[in-house]
Visitor: 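If you scroll down you'll find the structure; I have some questions about it.
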Protein chains: 2
Amino acid sequence: MSFKQEKQLAASRARVMKALAHPTRIFMVELLAKEKLSVGDLTDAVGADVSTVSKHLSQLKEVGILIAHKEGNRVLYSLICPCILDFIHCIDDIIFQDAEKGLSCVLPGAKIPQREIHISCE
Amino acid sequence: MSFKQEKQLAASRARVMKALAHPTRIFMVELLAKEKLSVGDLTDAVGADVSTVSKHLSQLKEVGILIAHKEGNRVLYSLICPCILDFIHCIDDIIFQDAEKGLSCVLPGAKIPQREIHISCE
DNA sequence: TGGTAATTTGGCAAAAACGCCAAATAGAGT
DNA sequence: ACTCTATTTGGCGTTTTTGCCAAATTACCA
């Protein structure tokens with residue numbers, strides 16, 4: 001792969017990564033891993049302005065993480081690729097490690113939910 | 001887990017995610033997955049200002065993705081948690097999907113490198 | 001057709017991220 | 001101590017992201 005192509009790939013990856021790089025958006029992705037939810041549902045769940053939530057969802061849809069379909073009055077969002085969850089849980093390993101080193105900012109005492117499939121971090 | 005704790009966890013996750021959400025930083029992480037490299041090595045590899053590269057590396061170190069150790073004159077960085085790679089490759093699934101839908105911005109013809117362990121997307 | 005609820009869009013001000021320069025720091029060799 | 005190389009840090013202008021408001025859009029229902 002050429003240098004230019006490698007850069008391009010990194011840019012694509014960063015684009016997707018960036019869509020996930022926000023507390024509210026990560027939170028919503030996790031909720032959507034369990035079930036389809038409407039914009040209103042998510043707005044209630046995360047406690048932010050509807051328009052803000054809508055824009056966050058657009059970003060996630062834009063990069064292909066979420067898909068939307070209308071159901072009557074509402075728009076239901078759902079997670080396209082469940083592997084995103086493994087993804088997030090891999091991050092948890094890092095957070096956990098950080099916590100052990102006193103580096104992190106996880107709330108002391110907060111338990112990071114266990115996952116079934118563990119991608120071990122050495 | 002309380003609402004506040006969930007928010008906190010999402011914030012921690014976003015913090016790590018954000019560190020990865022940059023083309024240059026992702027690129028460097030991938031290089032570092034293969035071998036330890038110095039700031040100078042990476043600067044040459046990515047083609048950016050040294051100070052910029054140094055700051056990018058700091059960010060990755062800050063959140064516990066990289067570790068640094070001095071070797072004589074230089075500072076060698078290396079990847080702490082190899083699962084980051086699975087992580088990145090999961091993103092590739094999304095990019096690939098996007099490409100199929102004509103949504104993405106991957107260079108046409110660019111082959112996304114195959115990985116051994118496939119976390120399938122549905 | 002008018003009204004209402006759900007969602008998206010445009011706009012804008014505040015905050016954060018970026019990248020380069022110049023200056024400071026740290027180590028190796030002379 | 002002096003120099004050279006490697007790296008980090010401070011500063012600063014530019015760009016991007018964020019979040020709220022108000023206005024527009026869409027679908028349902030009377």
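Each chain gets a letter, A, B and so on, in the order the sequences are listed, and its residues count up from 1.
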Visitor: Specify the separation, in whole Å, of atom NE2 of A:His69 and atom C1' of C:dT7.
Guide: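 Roughly 15 Å, once rounded to whole Å.
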Visitor: To the nearest Å, how far apart are A:Lys36 NZ and C:dT7 C1'?
Guide: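 After rounding, the gap between these two atoms is 18 Å.
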Visitor: Main chain of B:Ser54, side chain of B:Ser58: is a donor-acceptor contact present, judged purely on distance under 3.5 Å?
Guide: yes
Visitor: Would you please test B:Val39 and B:Arg74 for side-chain contact (heavy atoms from CB on, under 4.5 Å) and show each step?
Guide: CA-CA 8 Å; B:Val39 181; B:Arg74 311 181 310 152; over 6 Å; no
Visitor: What is the distance, rounded to the nearest whole Å, between atom CG of B:Leu76 and atom P of D:dT8?
Guide: 11 Å
Visitor: When you check the phosphate oxygens OP1 and OP2 of C:dA6, does a side-chain N or O of A:Tyr77 lie under 4.0 Å from one of them?
Guide: no
Visitor: Tell me which nucleotide among C:dA6, D:dT7, D:dT8 gets nearest to the side chain of B:Arg74.
Guide: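 Output: D:dT7.
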Visitor: Can you tell me if A:Gln59 touches the phosphate of D:dT18, counting only side-chain N or O atoms and a distance under 4.0 Å to OP1 or OP2?
Guide: yes
Visitor: Using side-chain heavy atoms (C-beta onward) and a distance below 4.5 Å, is B:His69 in contact with B:Val75?
Guide: no
Visitor: What's the verdict on salt bridge (Lys or Arg N to Asp or Glu O under 4.0 Å) for B:Lys36 and B:Glu71, showing C-alpha distance, side-chain angles and the deciding distance?
Guide: CA-CA 11 Å; B:Lys36 295 181 181 188; B:Glu71 190 168 298; over 6 Å; no
Visitor: Measure NE2/B:His22 against C1'/C:dA17 and give the value in whole Å, please.
Guide: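 It is 8 Å, rounded to the nearest whole Å.
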Visitor: To the nearest Å, how far apart are B:Leu20 CG and C:dA17 P?
Guide: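 Atom-to-atom, B:Leu20 to C:dA17, this comes out as 14 Å.
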Visitor: Can you check whether A:Arg13 reaches B:Ile95 side chain to side chain, under 4.5 Å on heavy atoms?
Guide: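 They are in side-chain contact.
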Visitor: Within this structure, what is the CZ-to-C1' distance between B:Phe27 and C:dC18, rounded to whole angstrom?
Guide: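 About 19 Å, once rounded to whole Å.
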Visitor: How long is the line joining CD of B:Glu62 and C1' of C:dA17, in whole Å?
Guide: 14 Å
Visitor: Is B:His56 close enough to C:dA17 that one of its side-chain N or O atoms is under 4.0 Å from OP1 or OP2 there?
Guide: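 Checking C:dA17 against B:His56, no side-chain N or O comes under 4.0 Å of OP1 or OP2.
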Visitor: For nucleotides 20-30 of chain D, give me one character per nucleotide, 5' to 3': B if any protein heavy atom sits under 4.0 Å from the base, S if the only such contacts are to the sugar-phosphate, - if neither.
Guide: BBB---SBS--
Visitor: State, yes or no, whether a side-chain contact exists between A:Leu60 and A:Leu20 at a heavy-atom distance under 4.5 Å.
Guide: yes
Visitor: Atom CG of A:Leu42 and atom P of C:dT7: how far apart are they, to the nearest Å?
Guide: 9 Å
Visitor: Does B:Gln59 offer a backbone N or O that forms a donor-acceptor pair with the side chain of B:Arg25 under 3.5 Å?
Guide: no
